Amino acid sequence: FSNYVNSDMNPSDVRSMCPLFGKQNVLVMDDYSKEFHVSSIENLYKGNKEIKEYSILLNGETKRARINRFDGLKFYSIKTVSGQEVVFSNNHTNLTLNGLKRTDELTTDDYLPFNVTPIEGKGLGYDEGVLVGAFLGDGTIKDDYSLTYSLNETSKAEIMSEIIKIAEKKGAKININTLERHCTNVTITSKMLRGLIEDYVHGTNAFTKELDVKCINRSMNFREGILAGYYATDGGNHNRIYSASKKLIDSVCTMLTSMGIASSICVDDRDSSTTLSDNPVYCIRFYDMQSNASCYKDVFIKKEKESPRIL
């Protein structure tokens, strides 16, 4: 991206001037809906040739950008200790704790910044978010207008009660069926709530579920509800959430980034004799941005009041 072209930006803003890998995903604002969506740079370049410039996020602000293609460059894949992976050209300029560095100058002693500026968004609220998040963890769709949340009546009692209360407030029909082994099915019948789930959740089982990243355009309260509902169903301890769906983990990471929350990803691919399937289990951990407890080595993961970014 060259985001200073035909703009009031200073060409000396070198952080945006060096090539990124074509398959790198970026947040782009649609000029008509004014909402963000995720696309690879390659797809944008090969897409509508009439579109010469795009609106992208830069340090929490929307800037106009133009895509240029460069051939014959050497690219590096960079994986952080948090499990995030990006691909930059060898001469891409990176902001680190040790100042600006080219990609081919980076070492394992360097730290790269991540976003702490949330996208504000609008529409929908916390309650709707809880229903979406809990469905990501323990929900299934029936053939009619029903949604079923399968929850442990002991360990998931709190989120079960919250789901029922929200559904009642929305005027939904509710059926509670307690099964063996402390499992309770909470079935909600509502065209409106069924539509909400189908709008933001894709996939039919634990291996294929995915959060629609258009949620980043909705209110912070909605996204906070999604996180709370998902953590209450598929969460462990210390802000860890587990899933067998890589797409779900990636989409939740995108949502967390839109909220200004740092996260890390790891894979539990231990021998299948100790797990329920041969598929790996992914773990995402999100961090309390106001806490002094989260750190790596001697660098704390904390949002500083005087700075728009964190290292």
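Because the structure is predicted, anything quoted here is derived from the model rather than measured. FYI, side chains are in, hydrogens and waters are out, and symmetry mates aren't considered; it's all heavy atoms of this structure.
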Engineer: Indicate yes or no for a side-chain donor-acceptor contact from S161 to the backbone of E158 under 3.5 Å, with no hydrogens or angles considered.
Structural biologist: no
Engineer: Please evaluate residues Y242 and C283 with respect to the criterion side-chain contact (heavy atoms from CB on, under 4.5 Å), reporting the C-alpha separation (whole Å), side-chain torsions for both, the decisive distance (0.1 Å), and the verdict.
Structural biologist: CA-CA 5 Å; Y242 300 88; C283 173; 3.6 Å; yes
Engineer: Rounded at 0.5 Å granularity, tell me how far CG in N185 sits from CD in E153.
Structural biologist: 11.5 Å
Engineer: Assess, by modelled atom type and distance only, whether the side chains of T62 and S55 contain a donor and an acceptor separated by less than 3.5 Å.
Structural biologist: no
Engineer: Indicate whether any N or O donor in one side chain lies under 3.5 Å from an N or O acceptor in the other, for N98 and T96.
Structural biologist: no
Engineer: What closest approach, in Å, do Y287 and S264 show between heavy atoms, and which atom pair accounts for it?
Structural biologist: OH-OG, 3.1 Å
Engineer: Any pair with a residue in residues 96-107 that passes salt bridge (charged side-chain N to carboxylate O under 4.0 Å, His left out), sequence neighbours left out, goes on the list, sorted by first then second residue, please.
Structural biologist: K101-D110, R102-D104
Engineer: If I compare all heavy atoms of A134 with all of I163, which pair ends up nearest, and what's the gap?
Structural biologist: CB-CD1, 3.7 Å
Engineer: With a 4.5 Å limit on heavy-atom distance, are the side chains of I197 and L193 in contact?
Structural biologist: no
Engineer: Can a side-chain donor-acceptor contact be found between T187 and T148 if the only test is distance below 3.5 angstrom?
Structural biologist: yes
Engineer: Distance only, no hydrogens: is a donor on one side chain within 3.5 Å (strictly under) of an acceptor on the other, for D234 and S243?
Structural biologist: no
Engineer: Please tell me if the side chains of K170 and S190 come closer than 4.5 Å, counting only heavy atoms from C-beta onward.
Structural biologist: no
Engineer: So L248 and Y230, side-chain contact (heavy atoms from CB on, under 4.5 Å) or not? Walk me through it.
Structural biologist: CA-CA 11 Å; L248 179 52; Y230 190 31; 3.1 Å; yes
Engineer: Test of understanding: with salt bridge (Lys or Arg N to Asp or Glu O under 4.0 Å), list the residues that count as partners of D30, not counting sequence neighbours.
Structural biologist: none
Engineer: Got F36 and V28 here, is their nearest side-chain heavy-atom distance under 4.5 Å?
Structural biologist: no
Engineer: Any side-chain donor-acceptor pair under 3.5 Å between E85 and S77?
Structural biologist: yes
Engineer: Any side-chain heavy atom of K173 sitting closer than 4.5 Å to one from I188?
Structural biologist: no
Engineer: Any heavy-atom pair between the side chains of Y200 and K214 that's under 4.5 Å?
Structural biologist: yes
Engineer: What are the two closest heavy atoms between I141 and L147, and how far apart are they?
Structural biologist: CG1-CD2, 3.9 Å
Engineer: For T208 and T204, work out which heavy atoms get closest and say how close.
Structural biologist: OG1-N, 3.0 Å
Engineer: For the side-chain contact (heavy atoms from CB on, under 4.5 Å) test, which of I241, I226, T233 pairs with L136?
Structural biologist: I226
Engineer: Between T189 and S146, which heavy-atom pair has the shortest distance, and what is it?
Structural biologist: OG1-OG, 3.0 Å
Engineer: Got a donor-acceptor contact below 3.5 angstrom from the Y126 side chain to the E224 backbone?
Structural biologist: no
Engineer: At their closest point, which heavy atom of I284 faces which heavy atom of C253, and how far apart are they?
Structural biologist: CD1-SG, 3.2 Å
Engineer: Counting distance only, does the side-chain N/O of K209 pair as donor-acceptor with the main-chain N or O of A244 below 3.5 Å?
Structural biologist: no
Engineer: Do E128 and R218 meet the salt-bridge criterion of a basic N to acidic O distance under 4.0 Å?
Structural biologist: no
Engineer: As an exercise, state the distance from CG of N217 to CE of M29, rounded to the nearest 0.5 Å.
Structural biologist: 7.5 Å
Engineer: Test side-chain contact (heavy atoms from CB on, under 4.5 Å) on E210 and V201 and set out the steps.
Structural biologist: CA-CA 6 Å; E210 177 182 3; V201 180; over 6 Å; no
Engineer: Which residues pass the salt bridge (Lys or Arg N to Asp or Glu O under 4.0 Å) test with K156, not counting sequence neighbours?
Structural biologist: D138
Engineer: Is it the case that one hydrophobic cluster holds both L95 and Y76, taking links as side-chain heavy atoms less than 4.5 Å apart, direct or via other members?
Structural biologist: no
Engineer: Hey, are the side chains of C266 and Y282 touching, using non-hydrogen atoms and a 4.5 Å cut-off?
Structural biologist: no
Engineer: Rounded to the nearest 0.5 Å, how far apart are CD1 of I164 and OG1 of T184?
Structural biologist: 8.5 Å
Engineer: I174 and V132: same hydrophobic cluster, using ILVMFWY side-chain contacts below 4.5 Å?
Structural biologist: yes
Engineer: Would you please say whether a donor-acceptor pair under 3.5 Å links the side chains of R223 and S258?
Structural biologist: yes
Engineer: Have N90 and T103 got a donor and an acceptor in their side chains that come within less than 3.5 Å?
Structural biologist: no
Engineer: Can you name the ring pair (Phe, Tyr, Trp, His ring centres under 6.0 Å) partners of Y149, sequence neighbours left out?
Structural biologist: F135
Engineer: Around atom NE2 of H238, are there more than 12 heavy atoms of other residues, nucleotides or ligands at under 6.0 Å?
Structural biologist: no
Engineer: Carefully, step by step, assess K122 and S219 under the rule side-chain contact (heavy atoms from CB on, under 4.5 Å).
Structural biologist: CA-CA 4 Å; K122 59 183 178 179; S219 72; 5.6 Å; no
Engineer: Tell me, do F286 and L227 make a side-chain contact under 4.5 Å, heavy atoms counted?
Structural biologist: yes
Engineer: Any chance you could measure I216, atom CD1, to L256, atom CG, to the nearest 0.5 Å?
Structural biologist: 12.0 Å
Engineer: CG of L211 to OG1 of T254: how many Å apart, nearest 0.5 Å?
Structural biologist: 8.5 Å
Engineer: Just to verify, what does R240 make a salt bridge (Lys or Arg N to Asp or Glu O under 4.0 Å) with, not counting sequence neighbours?
Structural biologist: none
Engineer: Who pairs with K169 by salt bridge (Lys or Arg N to Asp or Glu O under 4.0 Å), at least two apart in sequence or on another chain?
Structural biologist: D127
Engineer: Would a 4.5 Å heavy-atom cut-off, applied to side chains only, mark T80 and V86 as touching?
Structural biologist: no
Engineer: Could you give the distance from CG (L97) to CG (L112), rounded to the nearest 0.5 Å?
Structural biologist: 9.0 Å
